[in-house]
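Since the structure is predicted, the reported quantities are computational estimates derived from the model, not experimental observations. Heavy atoms only: backbone and side chains are in, while hydrogens, waters and symmetry mates are out.
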Amino acid sequence: MDITTVNDRHLYQGRVVVQDPADPSRPLELPAQVIRFGPAGWLTVVSALTEDAEIEVYPTGRVLAITDLREAATAGSPPDGGA
């Protein structure tokens with residue numbers, strides 16, 4: 001399954017910081033992730049757009065920060081959006 005199966009095809013790339021599921025008092029940094037805002041109330045995250053990549057879904061209430069956000073390049077599109 002790929003990340004776009006879970007939601008629509010608008011993807012971003014960035015650094016995500018969430019509460020560690022094993023220890024909510026500790027932040028967990030996820031650098032260089034592909035991000036999808038959704039399904040509603042959730043953030044879908046994957047480290048790469050490969051068929052065997054593990055997809056993780058975090059409730060938005062546990063997302064502490066999203067930085068360096070930009071549109072992700074998808075198959076057939078240049079990383080700069082064609083500009």
For this session: Please examine the side chains of L49 and L11, heavy atoms only from C-beta on, and report whether any two atoms are closer than 4.5 Å.
Result: yes
Problem set entry | Pairing residues for R62 by the side-chain hydrogen bond (donor to acceptor under 3.5 Å, both in side chains) criterion, not counting sequence neighbours | Q19
Seminar exercise, completed: The salt bridge (charged side-chain N to carboxylate O under 4.0 Å, His left out) partners of E29 (sequence neighbours excluded) come to R15
For this session: Could you give me the CA-CA distance, side-chain angles and deciding distance for T60 and W42, then say whether side-chain contact (heavy atoms from CB on, under 4.5 Å) is met?
Result: CA-CA 5 Å; T60 54; W42 297 85; 5.5 Å; no
Problem set entry | CA sep, side-chain torsions, deciding dist, call: L43, I35, side-chain contact (heavy atoms from CB on, under 4.5 Å) | CA-CA 7 Å; L43 181 72; I35 302 163; 3.2 Å; yes
Exercise. Is there a side-chain contact between Q33 and E56 (heavy atoms, below 4.5 Å)?
Worked result: no
Exercise. Does P27 have any side chain to side chain contact (heavy atoms under 4.5 Å, CB included) partners at least two apart in sequence or in another chain, and if so, which?
Worked result: V17, L64
For this session: Decide yes or no on side-chain contact (heavy atoms from CB on, under 4.5 Å) for L30 and V18, but give the supporting numbers first.
Result: CA-CA 8 Å; L30 308 169; V18 295; 4.3 Å; yes
Seminar exercise, completed: Taken in chain and number order and not counting sequence neighbours, the residues that satisfy side-chain hydrogen bond (donor to acceptor under 3.5 Å, both in side chains) with D68 are none
Exercise. Tell me the salt bridge (charged side-chain N to carboxylate O under 4.0 Å, His left out) pairs involving residues 16-25, sequence neighbours left out?
Worked result: D20-R26
Problem set entry | V34 vs Y12 side-chain heavy atoms within contact, under 4.5 Å | no
Exercise. Has the side chain of T44 got a donor or acceptor atom that lies under 3.5 Å from a matching backbone atom of G38?
Worked result: yes
Exercise. Below 4.5 Å, heavy atoms only, C-beta onward: do I66 and F37 meet side chain to side chain?
Worked result: yes
Seminar exercise, completed: Minimal heavy-atom distance between A53 and A48, with the atoms involved, is CB-O, 3.2 Å
Problem set entry | With sequence neighbours excluded, residues passing side-chain hydrogen bond (donor to acceptor under 3.5 Å, both in side chains) with Q13 | none
